[in-house]
Amino acid sequence: MKYQDWQVWGKRPEQLITLEQRAEGNLPEMESTKQLVKIISEVYKPGMQILDVGCNTGHYLKGIRKIDDKLDYTGVDAYEHYINKAKEIFLNDKFAKFHTRDILEPLFPSQKFDIVYCCNVILHLPDFRIAMKNLLDVTKNVCIIRTLLG
């Protein structure tokens, strides 16, 4: 992958060591994780499939596991180094899957997820419209987007 100027996450992955430490449980949970857990717990029913778009190393999974330890989770990120680290961290979690996918491309053309969330990704993109379409295309019931607006 050739990195564009806006692809800050791909250029300097060593700056995100704190997200890796959160995924491993070595740092306290972020406020955004607490908010996400609250929102998901209000709509989640056992058996639902959850998609985390822009999962990085899977740091939100640690929090949402409190909802259901057998929750069917799929995490995707555009950068293989984060996906490889997530697979390593969650190696023993048989209900978690991780894939390299780009939010600017169709994510899972033949599959829909009950709950899709994308936190703190949209603000880093050059244009949100394609990303929003791709998120909604894989959403069956609920799509949660957390981002800053400027």
Side-chain angles (χ1 to χ4, degrees), residues 1-16 18-20 22-23 29-68 70-90 93-150:
M1 170 182 268
K2 183 180 176 190
Y3 296 113
Q4 304 295 323
D5 289 340
W6 56 269
Q7 291 175 302
V8 295
W9 302 106
K11 291 180 185 176
R12 311 264 326 262
E14 70 279 0
Q15 290 181 330
L16 297 174
T18 57
L19 295 180
E20 182 179 318
R22 289 186 199 287
E29 194 172 64
M30 296 184 301
E31 289 303 311
S32 61
T33 302
K34 294 173 188 175
Q35 292 169 350
L36 182 64
V37 169
K38 182 180 183 310
I39 292 167
I40 290 176
S41 24
E42 292 173 4
V43 295
Y44 176 78
K45 292 176 181 59
M48 285 185 156
Q49 294 180 307
I50 292 184
L51 176 62
D52 176 356
V53 180
C55 70
N56 195 274
T57 58
H59 58 284
Y60 286 117
L61 177 56
K62 197 87 171 159
I64 65 170
R65 272 285 168 247
K66 294 176 193 170
I67 298 168
D68 181 349
K70 294 181 175 121
L71 177 141
D72 186 345
Y73 169 95
T74 301
V76 299
D77 199 280
Y79 304 107
E80 192 173 15
H81 49 266
Y82 297 127
I83 292 300
N84 289 339
K85 191 62 180 176
K87 287 178 178 178
E88 180 185 315
I89 293 169
F90 295 99
D93 187 333
K94 62 183 179 180
F95 301 104
K97 300 169 283 304
F98 296 93
H99 304 279
T100 306
R101 297 280 196 285
D102 186 338
I103 193 171
L104 298 176
E105 299 291 330
L107 295 164
F108 291 91
S110 61
Q111 185 175 2
K112 290 194 179 276
F113 295 80
D114 298 290
I115 300 171
V116 175
Y117 66 86
C118 180
C119 297
N120 305 318
V121 173
I122 303 290
L123 69 141
H124 297 288
L125 303 176
D127 188 328
F128 71 93
R129 291 171 285 196
I130 293 170
M132 293 298 294
K133 179 188 180 322
N134 290 335
L135 289 170
L136 294 173
D137 282 349
V138 293
T139 301
K140 190 186 297 183
N141 296 317
V142 177
C143 184
I144 302 162
I145 297 167
R146 181 182 197 273
T147 193
L148 297 173
L149 299 175

Report yes or no: does [X] contribute a side-chain atom to a donor-acceptor pair with the main-chain N or O of [Y] at less than 3.5 Å?
{"X": "T74", "Y": "K97", "value": "no"}
{"X": "D52", "Y": "G75", "value": "no"}
{"X": "D114", "Y": "Q49", "value": "yes"}
{"X": "R65", "Y": "L71", "value": "yes"}
{"X": "K112", "Y": "D137", "value": "yes"}

Heavy-atom closest pair, residues [X] and [Y]:
{"X": "D77", "Y": "C55", "value": "OD2-N, 3.5 Å"}
{"X": "H99", "Y": "I83", "value": "O-CD1, 3.3 Å"}
{"X": "A96", "Y": "L61", "value": "CB-CD2, 3.8 Å"}
{"X": "D68", "Y": "P46", "value": "OD2-CA, 4.2 Å"}
{"X": "I67", "Y": "V37", "value": "CD1-O, 3.7 Å"}
{"X": "Y60", "Y": "S32", "value": "OH-OG, 3.2 Å"}

Taking the six-membered ring for Trp, are F113 and F108 ring centroids under 6.0 Å apart?
yes
side-chain contact (heavy atoms from CB on, under 4.5 Å) between E29 and K62, intermediate numbers included
CA-CA 8 Å; E29 194 172 64; K62 197 87 171 159; 5.9 Å; no
Could you give the distance from [atom1] ([X]) to [atom2] ([Y]), rounded to the nearest 0.5 Å?
{"X": "M132", "Y": "D127", "atom1": "CE", "atom2": "CG", "value": "11.5 Å"}
{"X": "M48", "Y": "N141", "atom1": "CE", "atom2": "CG", "value": "5.0 Å"}
{"X": "H59", "Y": "K85", "atom1": "NE2", "atom2": "NZ", "value": "15.0 Å"}
{"X": "I130", "Y": "L125", "atom1": "CD1", "atom2": "CG", "value": "9.5 Å"}
{"X": "L107", "Y": "L135", "atom1": "CG", "atom2": "CG", "value": "6.5 Å"}
{"X": "I40", "Y": "T33", "atom1": "CD1", "atom2": "OG1", "value": "10.0 Å"}

Should we count CD of Q111 as having more than 12 external heavy atoms under 6.0 Å?
yes
Atom CZ of residue position F95 - does it have more than 12 heavy atoms of other residues, nucleotides or ligands inside 6.0 Å?
yes
Which of T139, I145, I50 passes side chain to side chain contact (heavy atoms under 4.5 Å, CB included) with Y117? Answer is I50
Taking the side chain as every heavy atom from C-beta outward, state whether T57 and Y82 have any pair of such atoms under 4.5 Å apart.
yes
Just so I know, are the side chains of K38 and E42 near enough to count as touching, which here means a heavy-atom distance under 4.5 Å?
yes
